[in-house]
Amino acid sequence: MQLRSDSIKKGLARAPHRSLLKADGFTDEELDRPLVAVISSQNEIIPGHIHLQSIADAVKAGIRMAGGTPVQMTTIGVCDGIAMNHEGMHYSLTSREVIADSVECAVQGHQFDAMVLIPSCDKIVPGMLIAACRLNIPTVLVSGGPMLAGRDKCGNETDLNTLFDAVGQVTAGTMTEEECTWFENTACPTCGSCSGMFTANSICCLSEALGIALPGNGTIPAVYSERIRLAKHAGMKVMELLEQGITALDLINEKSVHNGMVLDMAFGGSTNTMLHLTAIAQAAGCPVTLDDWDEVCQKTPNLTRIAPAGPLHIEDLNAVGGIPAILGELGRAGLLETEALTCHGTMAQWLEECPAADGEVVRTVENAYSQVGGLRVMRGNLAPNCGVVKQSAVAPDMRQHRGPARVFGSEEEACEAIFGGKINAGDVVVIRYEGPAGGPGMREMLTPTSAICGMGLDHDVALITDGRFSGATKGPAIGHVSPEAAAGGPIALVEEGDIIDIDIDEGRLTLEVSDEELQARRERWQKPEPKYKTGVLARYAKLVSSADKGAYFG
């Protein structure tokens with residue numbers, strides 16, 4: 001077999017290259033085998049990554065067992081929870097492109113034959129998947145796995161979102177600081193990506209439907225020994241793909257992206273997955289639009305309601321069969337592209353082995369929570385291109401809402417007003433200039449949405465932004481509004497007190513202002529100066545596409 005790595009290790013002209021490799025301690029026997037990149041985002045700041053060296057060691061063991069030579073490298077990560085509600089959040093989505101670029105540079109620079117990706121958490125997974133599409137070599141992804149849920153004193157499951165809500169409850173006087181501290185010490189009890197169907201776990205689960213991860217990748221808890229065994233199998237599997245000549249784009253293509261979209265709607269993942277999967281599809285050469293997402297939404301039943309949409313967590317889904325239990329139900333309903341290839345066979349072959357839905361954690365199609373998907377595309381004169389909402393996490397009494405706009409130019413301004421008691425029942429909070437270019441970096445708005453919930457206003461107040469939301473966000477929170485304010489989108493023209501009408505059932509987002517008045521406002525509008533004029537954020541603001549295009553670098 002002709003190997004890519006021969007270009008750095010074969011022939012007389014590569015004697016200097018071999019000398020450098022031998023300086024690493026590699027033997028001739030190791031250099032005679034395929035070189036497999038093991039790319040981890042292990043670090044000591046993100047709880048989803050703190051344990052990734054043990055996953056990498058298991059992957060390397062699997063590669064060696066299958067006759068390959070593993071070579072470990074690392075990339076960066078940003079924890080959205082720690083970066084939340086301060087300047088650091090500008091760097092979260094930005095890091096996705098940095099991660100993709102760094103993986104591409106490392107693998108191409110050293111001409112590896114195959115790779116195993118070991119991410120965990122929000123932007124690292126899609127960043128690595130974008131790189132996989134660009135590189136198009138045999139690839140398997142194995143994540144670090146989800147955190148176990150915490151438990152309150154009554155035995156109810158808790159998670160990171162419990163803390164964000166608690167801040168609002170303490171502010172409202174319905175919880176003491178001592179009670180909040182108790183949750184602080186118990187809600188995140190293990191390593192792993194935060195325990196609900198938040199962004200990290202959503203995209204790790206979608207990786208199974210994309211076919212680039214083995215079954216169990218999205219749901220086996222980080223602390224289970226089964227996760228180590230999965231990692232060893234991932235190392236063995238990538239060698240099998242190399243032998244068969246199966247590359248990343250054989251797995252990630254139009255068919256598998258469709259399956260990912262269907263799964264996303266069925267489990268009602270983070271709205272961020274619409275951003276990331278759209279960008280991954282672009283990198284794979286099979287772009288999707290918000291119209292495609294809307295079409296899938298209308299055809300796909302919502303089968304699970306994991307936190308924040310319900311009280312259950314990823315460990316509960318894992319206990320009833322994980323993602324295969326959902327895919328099995330979707331496959332029996334004829335909603336999947338069964339010819340799609342996965343790293344372990346075709347989707348049709350996989351479906352033959354998928355367990356039946358248990359009927360509670362994973363409902364049947366006939367008894368679905370809803371006959372439409374958990375994520376909803378919103379449009380109207382306020383969002384001509386799109387807005388998105390996790391409709392499965394919206395209370396029935398807030399699916400329609402009409403009220404006066406309370407307009408803020410940044411997340412900080414909005415939080416000050418919310419915590420200051422200046423938001424009233426019926427209001428529609430509008431946070432703008434937080435889009436991909438205007439933010440820059442499209443910051444997540446978990447702090448303001450959680451504050452609204454914690455202060456008891458989630459059945460009375462909606463929030464709209466050209467930024468985005470954490471996967472932990474619940475309630476009538478509409479993000480990704482495009483065009484964004486910095487591009488002169490209609491959200492830039494909203495004035496304090498304007499009436500906004502939201503109809504989630506109809507997917508409608510309407511600013512009740514005449515076209516003539518909006519045009520007059522547009523003529524008065526002035527494009528703001530960039531917030532950052534040097535560094536990575538300045539470059540990002542110049543290059544990034546709009547949210548409806550996946551905030552993607554072409």
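Values below: all heavy atoms of this structure, side chains included; hydrogens, waters and symmetry mates excluded. In this text, all values refer to a predicted model and were calculated from it rather than measured experimentally.
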Min side-chain heavy-atom separation [X]-[Y] under 4.5 Å:
| X | Y | result |
| --- | --- | --- |
| Trp293 | Met261 | yes |
| Arg134 | Asp101 | yes |
| Pro384 | Pro483 | yes |
| Gln53 | Ile55 | no |
| Leu135 | Met115 | yes |
| Ile203 | Leu206 | yes |
| His49 | Cys121 | yes |
| Leu518 | Asn381 | yes |

At their closest point, which heavy atom of [X] faces which heavy atom of [Y], and how far apart are they?
| X | Y | answer |
| --- | --- | --- |
| Thr473 | Leu446 | OG1-CD1, 3.6 Å |
| Gly144 | His51 | O-NE2, 2.8 Å |
| Cys204 | Val125 | SG-CG2, 3.8 Å |
| Met84 | Ser470 | CE-CB, 4.2 Å |
| Pro119 | Val142 | CD-O, 3.7 Å |
| Gly438 | Glu484 | N-OE1, 2.8 Å |

Whether [X] side chain and [Y] backbone form a donor-acceptor pair below 3.5 Å:
| X | Y | answer |
| --- | --- | --- |
| Thr171 | Phe419 | no |
| Asp466 | Glu434 | yes |
| Asn43 | Ile46 | yes |
| Thr300 | Cys297 | no |
| Glu413 | Gly409 | yes |
| Thr449 | Met445 | yes |
| Asp165 | Thr162 | no |
| Arg227 | Ile220 | yes |
| Asn217 | Ser143 | yes |
| Glu208 | Gly216 | yes |

Excluding sequence neighbours, so at least two apart, what forms side chain to side chain donor-acceptor pair (under 3.5 Å) with Glu496?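 Residues passing side chain to side chain donor-acceptor pair (under 3.5 Å) with Glu496: Arg406.
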
Given side chain to side chain contact (heavy atoms under 4.5 Å, CB included), test Ile212 with Leu129 step by step and report yes or no. CA-CA 9 Å; Ile212 202 163; Leu129 289 176; 3.7 Å; yes

Set out, in order, the CA-CA distance, both residues' side-chain angles and the distance that settles side chain to side chain contact (heavy atoms under 4.5 Å, CB included) for Leu312 and Leu317, then state yes or no. CA-CA 8 Å; Leu312 302 176; Leu317 176 58; over 6 Å; no

Do Ile423 and Ile452 pass the side chain to side chain contact (heavy atoms under 4.5 Å, CB included) test, and can you show the C-alpha distance, the side-chain angles, and the key distance before you say yes or no? CA-CA 9 Å; Ile423 301 301; Ile452 288 170; 5.7 Å; no

Does a side-chain N-to-carboxylate-O contact under 4.0 Å join [X] and [Y]?
| X | Y | result |
| --- | --- | --- |
| Arg151 | Glu315 | yes |
| Asp122 | Arg96 | no |
| Arg521 | Asp498 | yes |

Assess the residue pair Asp501 and Thr510 against the criterion (side-chain hydrogen bond (donor to acceptor under 3.5 Å, both in side chains)); give the C-alpha distance rounded to whole Å, side-chain angles, the decisive distance to 0.1 Å, and a yes or no. CA-CA 5 Å; Asp501 184 48; Thr510 305; 4.8 Å; no

Residues Arg432, Glu411; criterion salt bridge (Lys or Arg N to Asp or Glu O under 4.0 Å); working and verdict: CA-CA 8 Å; Arg432 61 193 183 192; Glu411 179 188 6; over 6 Å; no

Run the side chain to side chain contact (heavy atoms under 4.5 Å, CB included) check on Asp264 and Val296 step by step: do they pass? CA-CA 10 Å; Asp264 204 0; Val296 171; over 6 Å; no

With no hydrogens and no angle check, do the side chains of [X] and [Y] hold a donor and an acceptor under 3.5 Å apart?
| X | Y | answer |
| --- | --- | --- |
| Thr289 | Asp292 | yes |
| Asp159 | His313 | yes |
| Ser370 | Asn302 | no |
| Asn85 | Glu444 | no |
| Asn318 | Thr219 | yes |
| Ser102 | Thr75 | yes |
| Asp152 | Thr158 | no |

Quick one: sort the Phe553 and Tyr540 rings into parallel, tilted or perpendicular, breaks at 30° and 60°. tilted

Between His90 and Tyr532, ring centroids under 6.0 Å: yes

Checking side-chain contact (heavy atoms from CB on, under 4.5 Å) against Met378, which of Val388, Asp294, Ile502 comes through? Ile502

